[in-house]
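Each chain gets a letter, A, B and so on, in the order its sequence line appears, and its residues count up from 1.
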Amino acid sequence: GAVVSQHPSWVICKSGTSVKIECRSLDFQATTMFWYRQFPKQSLMLMATSNEGSKATYEQGVEKDKFLINHASLTLSTLTVTSAHPEDSSFYICSARVGGGHQPQHFGDGTRLSIL
Amino acid sequence: SQQGEEDPQALSIQEGENATMNCSYKTSINNLQWYRQNSGRGLVHLILIRSNEREKHSGRLRVTLDTSKKSSSLLITASRAADTASYFCATDIPSGSRLTFGEGTQLTVNP
């Protein structure tokens, strides 16, 4: 149980392109989803917390106009990297939490984004 | 200040040996969680230990928590090559709004 599917797993695109990443909870309803960014051999950096039906809460230093998050249903959150540039290249991982706080998060398999 | 620092950063052992990873944190927590990440993949939840617990077991995993020292350890017994991965601790603060991950320990188990 508690499976999270993230798509696509890998994307290469030209600078200036917008890229959408989907995160789906397959067998549970996720009121809260999280988006992380991870650089090689580093830890996860929380970008934003996404609550169903409300605006995402962004971490300090994360541009909300650059990284658009939509959590339109209890099973789907999307992250759109707008006008992507090479410095946006990274590994993006989503997670979803069952129920309220103090519960484990269940992670997708990540999206490797490479901007040329 | 960083919540969740781990040591060692990298650990290389032989199959069959035990692996111990440590995590220190700075603020009060509700619980502490350990996750595993295989290269290029997402994280897998391993075990959660609450602030009022001192030790927890799950299969070959043993986690301890010392809230007075603000530290936790993860012990993997009888390691296997398939245990090769990065291991992260994550702290859940009382507000419960987010997890803060440590820097991780890269474990290599040599066959």
Do you see a donor-acceptor pair shorter than 3.5 Å between the side chains of Asp92(B) and Asn31(B)? yes

Go through the side-chain N and O atoms of Thr82(A) and Asp65(A) and say whether any donor and acceptor fall under 3.5 Å apart. no

Check each atom of Gln37(B) against the heavy atoms of chain A and say whether the ones under 4.5 Å are side chain, backbone, both or neither. side chain

Highest number of heavy-atom pairs under 4.5 Å with chain B among Gln105(A), Gln42(A), Gln38(A), Gln6(A) belongs to Gln105(A)

Selection from Asn38(B), Leu99(B), Leu48(B) maximising heavy-atom pairs under 4.5 Å formed with chain A: Leu99(B)

So does Pro104(A) get a backbone contact from the side chain of His45(B), meaning a donor-acceptor N/O pair under 3.5 Å? no

Would you call the rings of Phe107(A) and Phe101(B) parallel, tilted or perpendicular if under 30° counts as parallel and over 60° as perpendicular? perpendicular

